[in-house]
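Small disclaimer: the values here were computed from a predicted structure and weren't measured.
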Amino acid sequence: GLVRVDNLIDIDPAITASRIDRLDRQRQVSLRAAVAPGYALADRIDVLRAAVEQMNLPPAYNTYISGGGRELERTFTEFLWAFALSLVFVYLTLAAQYEKLLDPLVVLLAVPLTAPFALLTLWLTGQTLNLYSALGLLVLFGVAMKQAVVQVEHTSQLRAEGMPIVEAVLTANRNRFRPILMTTLTLVAGMAPLVLGAGPGAEERRAVAVVVIGGLTLSLLLTLIIIPVAYATLDALRPRLANPGPPGWGRH
């Protein structure tokens, strides 16, 4: 007949896992969290690793980062390599186009001019430097160098026609001010919906747009001033670089 189970065994309530997840035949426990406003993902990863070290886990236990944190760590180094190689390729392309070694340096000067303003915009808007804002930096650098190319190329054409350096710089700056301003306003207007938009993925799109809008807007006037001054300075140094020796050097 039927027998009650409690007549045969003792029942003790206990807490156990409702499900066991495994990875590579090892048990795993996943911890999911979101980054609070005002904090960066990279900083929170460092905090988590410091907390794990304080736990003094046995040797059989190990931890690893997954999700967005893993992608951030893996792509950060690749981003630096891509950025460095892009600068090299831009310099080589411009040097071959202009057949000069100094003019491309003026174009590349647009990168350090816009980077501080982009980072300042991130700080003012409460954004962080993450993968998406880094992509925005690449877009910003490309547009800034394109504007510098417009200035330098027109100045070089005026110089080739025999115009004095000061007059060529002022004329090129005046002639190219409207195209540069139109490009900046068009890009800012195109990025504005990304800043004001909402919904899934809005935070990522907003980070890209904030970097581009802030970097271009704040550095516009500075770029229009520094690039022509740098071009005129390098043009004045060109004879010295072509003949670096003292008077009479190399005559014998």
Side-chain angles (χ1 to χ4, degrees), residues 34-35 37-38 40-42 68 71-72 75-76 78-91 93-94 97 104 106-155 157 172-228 230-231:
V35 181
L41 179 58
E71 293 298 324
L72 176 65
T75 57
F76 183 73
E78 298 176 357
F79 170 77
L80 293 179
W81 276 106
F83 176 68
L85 290 176
S86 64
L87 292 181
V88 173
F89 290 149
V90 168
Y91 177 81
T93 303
L94 294 177
Q97 179 180 354
V106 181
V107 175
L108 296 180
L109 185 62
V111 173
L113 289 179
T114 55
F117 292 104
L119 298 178
L120 177 62
T121 305
L122 289 176
W123 179 73
L124 292 177
T125 55
Q127 301 288 334
T128 59
L129 183 59
N130 49 39
L131 177 61
Y132 301 99
S133 56
L135 294 177
L137 284 175
L138 285 179
V139 176
L140 173 63
F141 294 157
V143 176
M145 285 189 290
K146 181 259 182 186
Q147 295 178 352
V149 167
V150 171
Q151 289 179 279
V152 172
E153 184 176 3
H154 189 45
T155 307
Q157 292 176 355
N173 221 29
R174 182 174 60 253
N175 295 341
R176 290 297 180 257
F177 175 74
R178 181 180 297 179
I180 292 176
L181 184 60
M182 292 178 60
T183 302
T184 302
L185 294 179
T186 301
L187 194 59
V188 169
M191 289 290 180
L194 300 182
V195 178
L196 303 176
E203 292 294 332
E204 291 78 7
R205 296 192 296 268
R206 186 176 296 114
V208 177
V210 163
V211 170
V212 176
I213 292 177
L216 278 181
T217 305
L218 296 178
S219 64
L220 176 61
L221 295 179
L222 185 61
T223 303
L224 291 174
I225 296 174
I226 299 298
I227 296 299
Y231 184 91

What's the separation between atom [atom1] in [X] and atom [atom2] in [Y], rounded to the nearest 0.5 Å?
| X | Y | atom1 | atom2 | value |
| --- | --- | --- | --- | --- |
| Leu135 | Leu140 | CG | CG | 12.5 Å |
| Leu108 | Tyr91 | CG | OH | 8.0 Å |
| Thr186 | Met191 | OG1 | CE | 12.0 Å |
| Ile226 | Leu113 | CD1 | CG | 6.0 Å |
| Leu187 | Lys146 | CG | NZ | 10.0 Å |

>> Can you list everything that forms a side-chain contact (heavy atoms from CB on, under 4.5 Å) with Thr217? Sequence neighbours excluded, please.
In response: Val188, Ile213

>> Holding to side-chain contact (heavy atoms from CB on, under 4.5 Å), I want the full list of residues that pass it with Leu185, two or more places apart in sequence or in another chain.
In response: Leu181

Are [X] and [Y] side-chain neighbours, meaning at least one heavy-atom pair lies under 4.5 Å?
| X | Y | result |
| --- | --- | --- |
| Thr183 | Ile180 | no |
| Val211 | Thr121 | no |
| Val212 | Val143 | no |

> For Phe83, what residues pass the ring pair (Phe, Tyr, Trp, His ring centres under 6.0 Å) criterion, not counting sequence neighbours?
Replying inline: Phe141

> Where do Ile227 and Val106 come nearest, in terms of heavy atoms and distance?
Replying inline: CD1-O, 3.4 Å

May I have the list of side-chain donor-acceptor pairs in residues 147-155 shorter than 3.5 Å, sequence neighbours left out?
| from | atom 1 | to | atom 2 | distance (Å) |
| --- | --- | --- | --- | --- |
| Gln147 | NE2 | Thr184 | OG1 | 2.9 |
| Gln151 | NE2 | Asn173 | OD1 | 2.7 |
| His154 | NE2 | Asn175 | ND2 | 3.1 |
| Thr155 | OG1 | Gln151 | O | 2.8 |

